[in-house]
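What follows is one structure encoded as structure tokens, with my remarks underneath.
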Amino acid sequence: MNKNSNLQSYPRQQSYLKMLIAACFGTFLEWYDFLTFGALAVTFGPLFFPSNDPSSSLLASLATFGVGMIVRPIGAAFFGSMGDRIGRKPVFMITISIMGLATLLVGFLPTYAQIGILAPILLVSLRILQGFSAGGEIGGGAIFLAEHAGEKNRGFKTSFLQLMGPFGILASTLQITLLQGWLSAEEFQAWGWRIPFFVSFLLLLLALYFRRTLEETPVFQELQTRSPKTEGQLLNNFKDPEIRKKMFLLFFCVSGGGAVLFFCSQVYLPIFLKTTVKLPVELVDQLSVLSTLFLVTTIIFAGWLSDQVGRKPVITCGLFLGAVLILPAFWMMKTTGSHLPLTQQDIKIIGCIMFGLSCILGLLGGPQAAILAELFPAKSRNSAATFPHNLAAGWIGGMSPLIITWVNEKWNTLAGLYYPCIFLFFAAIAWTISYTETSVRVCGCKKPYK
């Protein structure tokens, strides 16, 4: 283990399982709130961005989703620096409260037909608050758990936090599917879409209840003992060449690559199948649920595998496979879906492709939480990890659905998918050349990093 990582084992005041449950529940709420918006992008288009062209409404809705992603790095810089100063736990309580309240207010918003241009302005404003909050939560949760996990099987232990993204998608998708099944299309469009946002308030109360029981990480407690006047380290991180290099690798390779894969396979793919391939909405939602469940097992396996063979080979495989297979996968789904009516064989082919993309995403998701913490020393870890992680997720991943959809609409092809493929290819090259493994466990034996 890198002597600067300060992630060795400490006496536990609480069991790791209790920490895991409390941290994961709050992160699940963040993802649920954040991704419910994406799941309703097609619904929001005519409600808040009415247009004679359905494609323009969808693009406006996706742009609003992207706004939340753009401000994530700002939230990461603010809350990451705060986490280095006042601790990991207080930041957790603040971010979850902002996210929960902003999401609840979306459920009360009047539509464009009711108040005109003010409706999309309010929607975008609340989306900005969501993104600001998510910047402090997503990444910070990984630091919190990694600092509690100790050395042994850290990849496996922290991989469970990465399940909260898929579970957030699963919960929002299932809920919307059930509502669309119970309600008529007119009822869902009129008021049914508000229900998921009201449910988030109940989840917020539960998250606050669980999170108040958390204890500060032993790593931060030790830092406070040695130096009670802890301070934000964000600017200092950019002055340190070694930390700056690792921040770039995290930004471009691990977080950037993971974000591109996540938003291509989990956010954009259902939209693509519903709007471009024109598959039945119910079928797409069902396949999305099944592929997300498969992603859960892949993430846990990849986290465990990274403890055995190292983080580098697992992440490298994910990046290269994504670069090579994303474009053919979307082309095959479009080709298969064009043969209407669909046969059972067609549905199986599309489902298997979705499973394959989930597997590739899992290879990056499994080790991600552990490596976020392992790259940096304790005193600057929160800001050094959360800022590049959220910058990548927001500016690279979060804008992917909008960029891909816009390019595809403009040229009426799959041209937009060249963006993630090219990005993943160069990320894989940079990661392979520049990253040196810092800890690996092979055949049960702990070996030092070179």
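Just so it is clear, the structure is predicted and the values come from calculations on it, not from any experiment.
- Taking CG from Leu364 and CZ from Phe262, the interatomic distance works out to 13.0 Å, rounded to the nearest 0.5 Å.
- Here the side chains of Ser159 and Trp304 are not in contact, with every heavy-atom distance at 4.5 Å or above.
- Annotation for Thr386 and Gly135: closest pair CB-O, 4.5 Å, computed over non-hydrogen atoms.
- The two residues Ser255 and Gln368 make their nearest non-hydrogen contact at CA-NE2, 4.0 Å.
- Under the side-chain contact (heavy atoms from CB on, under 4.5 Å) test applied with Trp193, the options Leu47, Ile176, Leu183 reduce to a single match, Leu47.
- Between the side chain of Ser291 and the backbone N or O of Met354 there is no donor-acceptor pair closer than 3.5 Å.
- Inter-residue side-chain proximity for Leu283 and Ile347 is flagged as met; some heavy-atom pair is nearer than 4.5 Å.
- Taking the six-membered ring where the residue is Trp, the centroids of Phe156 and Phe160 are separated by under 6.0 Å.
- Of the inter-residue distances, the one linking Asp307 atom CG with Lys157 atom NZ reads 9.5 Å to the nearest 0.5 angstrom.
- A centroid separation of less than 6.0 Å is found between the aromatic rings of Phe132 and Phe78.
- Although no hydrogens or angles enter the test, the distance criterion places no donor-acceptor pair under 3.5 Å between the side chain of Ser133 and the main chain of Leu129.
- Side chain of Asn390 to backbone of Pro73: no donor-acceptor contact under 3.5 angstrom is found.
- At least one side-chain heavy atom of Val289 sits under 4.5 Å from a side-chain heavy atom of Leu174.
- The closest side-chain heavy-atom distance from Val314 to Phe301 is not below 4.5 Å.
- For CZ of Phe355, the number of neighbouring non-hydrogen atoms (other residues, nucleotides, ligands) closer than 6.0 Å is greater than 12.
- Checked against the 6.0 Å centroid criterion, the rings of Phe198 and Phe108 qualify as a close aromatic pair.
- Residues Leu163 and Val296 approach most closely at CD2-O, 3.4 Å, considering heavy atoms.
- Among all heavy-atom pairs drawn from Ala302 and Gly362, the shortest one is CB-O, 3.2 Å.
- Applying the salt bridge (charged side-chain N to carboxylate O under 4.0 Å, His left out) test to pairs two or more places apart or on separate chains, none has a residue in residues 419-432.
- Of the candidates Ile353, Leu414, Asp346, Met333 forms a side-chain contact (heavy atoms from CB on, under 4.5 Å) with just one, namely Ile353.
- Counting all heavy atoms, side chain and backbone alike, Ser265 lies closest to Pro270 at O-CD, 4.4 Å.
- Side-chain atoms of Gln189 and Pro46, non-hydrogen and from C-beta on, do get closer than 4.5 Å to each other.
- Legend: salt bridge (charged side-chain N to carboxylate O under 4.0 Å, His left out) pairs involving residues 185-206, not counting sequence neighbours: none detected.
- Listed by chain and residue number, Asp285 satisfy the salt bridge (charged side-chain N to carboxylate O under 4.0 Å, His left out) test with Lys274 (two or more places apart in sequence, or in another chain).
- Using the six-membered ring where Trp is involved, Phe423 and Tyr419 have ring planes that are tilted, between 30° and 60° apart.
- Proximity of Leu109 to Phe48: side-chain heavy atoms (C-beta onward) are separated by under 4.5 Å at one or more points.
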Requested in this report: Go through the steps for Tyr112 and Phe49 under the test ring pair (Phe, Tyr, Trp, His ring centres under 6.0 Å), then give the verdict.
Outcome: CA-CA 7 Å; Tyr112 189 94; Phe49 308 97; 8.5 Å; no
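- Between Ile326 and Leu321, every side-chain heavy-atom pair lies at or beyond the 4.5 Å cut-off.
- Closest approach of Phe387 to Ala77, counting heavy atoms only: CD1-CB, 3.8 Å.
- Residue pairs meeting the salt bridge (charged side-chain N to carboxylate O under 4.0 Å, His left out) criterion with at least one member in residues 158-179, sequence neighbours excluded, do not occur.
- Pairs passing the side chain to side chain donor-acceptor pair (under 3.5 Å) check and including a residue from residues 312-331, sequence neighbours excluded, read Thr316-Trp431.
- At a threshold of 4.5 Å between non-hydrogen side-chain atoms, the residues Leu361 and Leu295 count as touching.
- Annotation: side chain to side chain donor-acceptor pair (under 3.5 Å) contacts of Thr292 (sequence neighbours excluded): Gln266.
- Note: Ile371 CD1 to Arg154 CZ = 11.0 Å, rounded to the nearest 0.5 Å.
- Note that CG of Leu319 is 7.0 Å distant from CG of Leu261, once rounded to the nearest 0.5 Å.
- For the 3.5 Å distance criterion, the side chains of Thr177 and Glu282 fail to qualify, holding no donor opposite an acceptor.
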